[in-house]
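These numbers come from a predicted model, not from an experiment.
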Amino acid sequence: MNRTLPGDDLSVGTANVVALLVGFVTIPVLFRLLGPSGFGDYAFLLSVFAIYMIFVSSWITDGVRTFLAEDRPTSDREPYVIGFYLRLAVLSALTGAFVLFLGSRNGFVATLFGEEYTTYFYGLALLVISVQFQSYSRKTLLGLGLERHSDALSVLNNVVFVVAAVPLVYLGFGVSGALAGYALSSIVCGIVGLALIHGRVSLSSVFRIPPREFPRKKMLTSASTSVALLFLLASLYHIDIVMLQQFRESSAVGNYRAALFLAEFLWFVPIALQTAYVVPTSDLWSRNRLDEITALASKTTRYTLLLTAAVAVVIAALADVAVPIYFGPDATPAIGPALLLLPGALGFALARPVLAISRGEGTLRYPVLATAGAAGINVALNYLLIPRYGMHGAAFATTIGYGSMFVFHWLSAQQIGFDPLADARLVRVAATTAFAAVPTFALATVVTNPWLALLLVPPFGLLVHLVFAVLTGAIEPAEPFGVLAELPSPAGSQAELIRERLEGVNGDLTVVGWFQSMLFLAGVTLLLSGVLLATFGPDTGVPIFG
């Protein structure tokens, strides 16, 4: 149920989508079974664990992936690289587990977090070892060019977690049962992953001594900048939960984590778009095609902003009815923080593709500085606001920290050599969102049956947003069909025919034409909202909506 681990956060592919879908099903189940307090304890433990594993694991997994990818043309060094990092993984995992065990044994954990967490930290010590081998296996497979196997492992990890953790929690094992499910899924994936690696390179290489010219020192230190970036990202994801636990009861942490998950629905859009638009930039960077990178980045930014804003409007309109249905009535306190988190989640959604494109350039100096700026703001505001305002203060601090990510990474991108706002059409996208929000909220208001609202409002809101985006010039009429054209035939071929016919229509509105479109759109918005409120408003009592 935890947020995507920082090391995996910037990768693209089906694995991340599957993780989101599994979380969509699993998290409300765990929330209901554990209750807000138990769910809060579990969220806190995983946040501490995620930050801790940056130092235990990330420098190893990032290194093995990087050096295997570099050495792929000369595979004679593969056994030495795999063996070298596997020895380090074993040593680091045992050391990390021992530190947690010792901290639990000597009372340090009890002093820092509370006596009730001591037993859980013993469990985390065992979890360090299982997760280490799962992470090592996945990143080694990526380095070997076996992305399909790595993604399959990630999917397997999520499925085994659900199959193991949910029954254990249901049978009354509580947070310990959820952690046991996490450990079991990691063990299974670690074993399968190591077996897949052994099929390519014998694991007996762990006992082979590399030649004298083997770059041991470089392999130990090369990932330092990347680890710094991952740590800063981890602090953005998890420091709010860790700090909130220090000042508020566990139930507040549980409700806040539920609010975060609701806001993180917005990240589905950039993950999907990264697959289509960000991956090709690797080749463009190698050829120094900065103009093409700027065009691709700005298009990705525009599409991400349009689609994510549409999802944010729908979530905001339905929050009052969706949260109690999805998480249960105990999660009602999560509604306020969720609404506060949506703007920041939107900003972070915009930053994700920009950061991924920036990483493709290879120099991490500016991305690290940009992320450090956002992380610093996030920590400072959480420290100032959580003691006084609790989870609402955490939500406000986090939304500012998340939102600043895009600002800082936009500045970073300009230093690197591309501009993600070159064709973002921010004013037109903002106008689209503002106009589309009115009828979307109007429909959510008049549909008083919560289940019917969940059925009607999302497609209505997204459709209105798409139509208004064309009317404002935020997108050309041909662009949606260009995306649909990537689908298999016959749908893809038909969409391509429509795209060709619409190519160039409404491509460049004049100022006068755009102003007229805005007036027309305002009239349509008011008319549509008025019709909804007048026909189906509370005073009319239309049965189908009640």
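Residues Tyr182 and Val131 meet the side-chain proximity criterion, which asks for heavy atoms closer than 4.5 Å. Residues Leu141 and Leu196 are in side-chain contact: their nearest non-hydrogen atoms beyond the backbone lie under 4.5 Å apart. Looking at heavy atoms from C-beta onward, Leu456 lies out of side-chain contact with Phe460 at the 4.5 angstrom threshold. In this structure, the side chains of Val48 and Gln245 stay at 4.5 Å or more apart for every pair of heavy atoms. The shortest side-chain heavy-atom distance between Asp240 and Leu260 falls under the 4.5 Å cut-off. In this structure, the side chains of Val128 and Phe49 come closer than 4.5 Å at one or more pairs of heavy atoms. Contact of the Val64 side chain with the Leu88 side chain is not registered, since no non-hydrogen atoms from C-beta on lie closer than 4.5 Å. The shortest side-chain heavy-atom distance between Tyr52 and Leu124 does not fall under the 4.5 Å cut-off.
Not one N or O on the side chain of Thr294 forms a donor-acceptor pair closer than 3.5 Å with the backbone of Asp291. Checked by atom type and distance alone, the side chain of Thr301 pairs as donor or acceptor with a backbone atom of Pro420 at under 3.5 Å. With hydrogens and angles ignored, the 3.5 Å screen pairs a side-chain donor or acceptor of Trp267 with a backbone N or O of Ala345. With hydrogens and angles ignored, the 3.5 Å screen pairs no side-chain donor or acceptor of Thr399 with any backbone N or O of Ala395. Here the side chain of Ser298 pairs a donor or acceptor atom with the backbone of Ala295 at under 3.5 angstrom. No side-chain donor-acceptor contact under 3.5 Å links Ser57 to the backbone of Met53.
Neither side chain, Ser92 nor Tyr136, offers a donor N or O lying under 3.5 Å from an acceptor on the other.
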Might you work through the side-chain contact (heavy atoms from CB on, under 4.5 Å) test for Phe435 and Leu471, ending with a clear yes or no? CA-CA 11 Å; Phe435 284 128; Leu471 291 175; over 6 Å; no
Report the C-alpha separation of Leu306 and His465 in whole Å, then their side-chain angles, then the decisive distance to 0.1 Å, and conclude whether the side-chain contact (heavy atoms from CB on, under 4.5 Å) test is met. CA-CA 8 Å; Leu306 269 170; His465 210 92; 4.2 Å; yes
Given Thr140 and Val81, is the side-chain contact (heavy atoms from CB on, under 4.5 Å) satisfied, shown in steps? CA-CA 10 Å; Thr140 300; Val81 173; over 6 Å; no
Could you walk me through whether Leu45 and Val175 pass the side-chain contact (heavy atoms from CB on, under 4.5 Å) test, one step at a time? CA-CA 9 Å; Leu45 290 168; Val175 175; 3.8 Å; yes
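When the side chain to side chain donor-acceptor pair (under 3.5 Å) test is applied to Asn378, the partners found at least two apart in sequence or on another chain are Asn382. Among residues two or more places apart in sequence or in another chain, the ring-ring contact (aromatic ring centres under 6.0 Å, His included) test is passed with Phe31 by Phe39, Phe327. Not counting sequence neighbours, Ser186 has no partner by the side chain to side chain donor-acceptor pair (under 3.5 Å) test. Applying the salt bridge (Lys or Arg N to Asp or Glu O under 4.0 Å) criterion to Arg289, with sequence neighbours excluded, gives Glu292.
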Only distances under 3.5 Å count here; give the side-chain donor-acceptor pairs of residues 308-326 to other protein atoms, sequence neighbours excluded, each with its distance to 0.1 Å.
unit_1	atom_1	unit_2	atom_2	d
Thr308	OG1	Thr304	O	2.6
Tyr326	OH	Phe24	O	2.4

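Within the model, atoms CD1 of Ile357 and CZ of Phe418 stand 5.0 Å from one another, a figure rounded to the nearest 0.5 Å. The CD1 atom of Ile377 lies 8.5 Å from the CD1 atom of Ile400; values are rounded to the nearest 0.5 Å. Taken to the nearest 0.5 Å, the CG atom of Leu350 stands 11.0 Å off from the OG1 atom of Thr300. Annotation: the span from Leu296 atom CG to Ile293 atom CD1 amounts to 8.5 Å, rounded to 0.5 Å. The CG atom of Leu385 sits 12.5 Å away from atom NE2 of His392, with the distance rounded to the nearest 0.5 Å. Rounding to the nearest 0.5 Å gives a distance of 6.5 Å between CG of Leu305 and CG of Leu426.
Under a cut-off of 6.0 angstrom, the local environment of CH2 in Trp410 is sparse, with at most 12 non-hydrogen atoms contributed by other residues, nucleotides or ligands. Atom CZ of Phe396 has 12 or fewer heavy atoms from other residues, nucleotides or ligands within 6.0 Å.
Considering all non-hydrogen atoms of both residues, Ser130 and Leu127 come closest at OG-O, 3.1 Å. Closest non-hydrogen pair, Ser150 versus Leu142, comes out as OG-CG, 3.4 Å. Smallest separation of non-hydrogen atoms from Val160 and Ser185: CG1-CA, 3.5 Å. Scanning all heavy atoms of the two residues, the minimum distance from Leu153 to Gly193 falls at CD1-CA, 3.6 Å. Nearest approach of Leu355 to His409, heavy atoms of both residues: CD1-CE1, 3.5 Å. Nearest heavy atoms, Ala374 versus Gly401: CB-O, 3.7 Å.
The salt bridge (Lys or Arg N to Asp or Glu O under 4.0 Å) contacts involving residues 397-423 comprise Arg302-Asp423, Asp423-Arg425, where partners must be two or more places apart or lie in separate chains.
Partner Phe348 forms a ring pair (Phe, Tyr, Trp, His ring centres under 6.0 Å) with one of Phe406, Tyr402, Phe408 and no other, that one being Tyr402.
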